[in-house]
Every structure is written in C-alpha cells, then in structure tokens.
S.K.: 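Please see the structure below; I have some questions.
Chain identifiers are assigned alphabetically (A, B, ...) following the order of the sequence lines, protein sequences preceding nucleic acid strands; residue numbering begins at 1 within each chain.
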2 protein chains.
Amino acid sequence: MGKDGFIGSLEELVLLALARVHARGDDEAAYGMTVRRELEERAGRDVSIGAVYSTLDRMEAKGLVRSRLADPDPARGGRPRRYFSLTEEGVAAVGQARSMRDRLWDGLEGALDYPG
Amino acid sequence: MGKDGFIGSLEELVLLALARVHARGDDEAAYGMTVRRELEERAGRDVSIGAVYSTLDRMEAKGLVRSRLADPDPARGGRPRRYFSLTEEGVAAVGQARSMRDRLWDGLEGALDYPG
DNA sequence: GCTTGCATTTCTGCATTGTAGGAATGCAGC
DNA sequence: GCTGCATTCCTACAATGCAGAAATGCAAGC
C-alpha cells in the first residue's frame, strides 16, 4: 500500500468478506476460518488459510483491520480464536478501491460485453 | 495470476483504462502514455510510466493484451509507438474480477457507509 | 498420564505483482 | 553534431499473494 492507501486485490476481497460476516450480525463470528469460507462460498475464490492470515496480518500492521483474542476460557478445544474487524481506514480503503474502479467502468458496460 | 486467471489490482485498472481509450473510438490512440493519462485523469491514480509498461508487458506475456508497433515511417519524432488492445482473455479477466467483487459487495452498501 | 483428534493460528519461503527511475531510441530542427 | 522531445525499454527493489507444514491448546478415550 504505497502510502497512498491503495490496496491489493486479495486485500480488498478479504476486507469485504470480513465486512460480510460482520454484517450478518455476530461480531464474534469473524475470524480466519470464517473469512476464508465466506470468500469461497460467496466469491468462489478458494485461497489457503495461510494466505488469508498473512493478508490479515499485513493489513493489521497497516491499520486496516484490528484483532483481539477470544475469551480466555474457551469451552471448545483448539487455539484461541482471533477475531477481526475493519477499522475506519479499512472501510475507507475499500470505498476508495471501489470508487476508483467505478469511475473507470462508467460508460464501459456496453463496450466490453460484460454480462451485467 | 495463479493459473486461475485472477489478476492484480493494477492490472485490472490498466485493462480498464485501455478499454476506455479504445471505446473512445480511435484504436490508434491506445498506447502507454495515453493509458497512463487515462488512469490519472479518470481514476486519480498516478502511476509512473515505467509501472504502466511493466504491467502491460506482463499482461501481454499472459495473453491478456496484445500489442503491435506503429507504422514504419512515422512523420512524428520519437520511438515508434506500441499500440495495445485487450484480448478475449483480457475482457474475461476484468469481467471475472468484477463479478467476484460484486458478489461480495451485494447487500453490503448500507452496512459499510460507502458514499454511493 | 499418554495418545489421538480437532480447530485454529503461526511460521517460513517462494512466486507474482507493483513501482520508480533512468537509459536508450529515433526523429526534427537548428 | 547538438539539443529537444516523445516514447519505449531495462533494471532493481518493495509489496503482495500464496501454499504447506508446524505449532498450539484443549477434550476425550483409554
């Protein structure tokens, strides 16, 4: 993100997937595995879990997402989950990416035979 | 482009900018400098000309664009221009990128406070 | 109390893409 | 031949994309 705040293509998808699982209401549900599943089910984009995490980590370092560890005494087994959410900057970044592309697409729908 | 045909964020923008200058009617007008200008004027994305060319070159190697050199006896000075255009794969790639994102955005407009 | 199993995160390493800057090219005009 | 201009090409490095395997932490069965 060359200091102008431009994000990569996978970063954008991960941000959107994260926003979606949040939008479903349960804040607690947004962690690595669910983000990955959302990407796969909704966008048909099948990335490895390792790819999801490194993207998430890098975005946290840039301030686009934040994370916190789950409750200390989990009744379920496994490592403590790490819950993620978008920061304001994260929201701004997806908005910027979108409007940049929208401006380029504007008036082009017919010219490229994009199936609506 | 990990063989699944997914393109990077700049690749997508360059493809769209290229399509736009084509859509303006004059096929001859689509070369490095005009693509760069379109990106800057239309999307506000200011990349160096070197960045545009390496992106274009890499996409040509992947079959997303093709290029041909301009007329052999140019009355204007300067290196011969290299005219670019999208291939079918290029068109397909922007379409895929778009529909993937559209599916993730669907129903999210209100949830993220994206300004229309 | 050891072992197996499961859900999850973390680590490591490499491939691909993004990016700038400056060198090279080719012509015109002086 | 030198200067100027428009353009492409080359080089090198930084950032992002990506997968696979290792580690972590708990529970259950034995």
S.K.: Atom OH of Tyr31(A) and atom P of dC6(C): how far apart are they, to the nearest Å?
M.R.: 16 Å

S.K.: For the pair Arg98(A) (side chain) and Val94(A) (backbone), establish whether a donor and an acceptor sit closer than 3.5 Å, ignoring hydrogens and angles.
M.R.: no

S.K.: Whole Å only: how far is the CG atom of Asp57(B) from the P atom of dT16(C)?
M.R.: 16 Å

S.K.: Can you tell me how far the CE atom of Met59(A) sits from the CG atom of Leu18(A), to the nearest 0.5 Å?
M.R.: 7.5 Å

S.K.: What's the spacing between Phe6(A) CZ and Leu10(B) CG if we round to 0.5 Å?
M.R.: 10.0 Å

S.K.: When the distance from CZ of Arg58(B) to P of dT19(C) is rounded to whole Å, what number comes out?
M.R.: 11 Å

S.K.: From the list dT19(C), dT7(D), dT8(C), which nucleotide is the closest neighbour of the side chain of Met33(B)?
M.R.: dT7(D)

S.K.: Which is more 5' along DNA chain D, the nucleotide nearest Arg82(B) or the one nearest Gly8(A)? Just name the residue.
M.R.: Arg82(B)

S.K.: Rounding to a whole Å, what distance do you find between Glu11(A):CD and dG18(C):P?
M.R.: 11 Å

S.K.: Atom CG of Leu10(A) and atom P of dA15(C): how far apart are they, to the nearest Å?
M.R.: 19 Å

S.K.: Please report the distance, rounded to the nearest Å, between CG in Leu56(A) and P in dG17(D).
M.R.: 12 Å

S.K.: What distance separates Ser9(B) OG from Arg101(A) CZ, expressed to the nearest 0.5 Å?
M.R.: 8.5 Å

S.K.: Please check: side-chain N/O of Ser67(B) versus main-chain N/O of Tyr83(B), any donor-acceptor pairing under 3.5 Å?
M.R.: no

S.K.: In whole Å, I'd like the distance from the CD1 atom of Ile7(A) to the P atom of dG17(D).
M.R.: 9 Å

S.K.: Less than 4.0 Å between a side-chain N and a carboxylate O, is that true for Arg20(A) and Glu41(A)?
M.R.: no

S.K.: Rounded to the nearest 0.5 Å, what separates atom CG in Asp57(B) from atom CZ in Arg82(B)?
M.R.: 5.0 Å

S.K.: Could you tell me whether the side chain of Ser54(B) has a donor or acceptor atom within less than 3.5 Å of a complementary atom in the base of dT19(C)?
M.R.: yes

S.K.: Of all of residues 38-52 of chain B, which get a heavy atom below 4.0 angstrom from DNA chain C, listed by number?
M.R.: Arg45(B), Val47(B), Ser48(B), Gly50(B), Ala51(B)

S.K.: Given atom CZ of Arg36(A) and atom C1' of dT8(C), what is their separation to the nearest angstrom?
M.R.: 12 Å

S.K.: Please state whether the phosphate of dC18(D), meaning OP1 or OP2, lies under 4.0 angstrom from any side-chain nitrogen or oxygen of Thr55(A).
M.R.: no

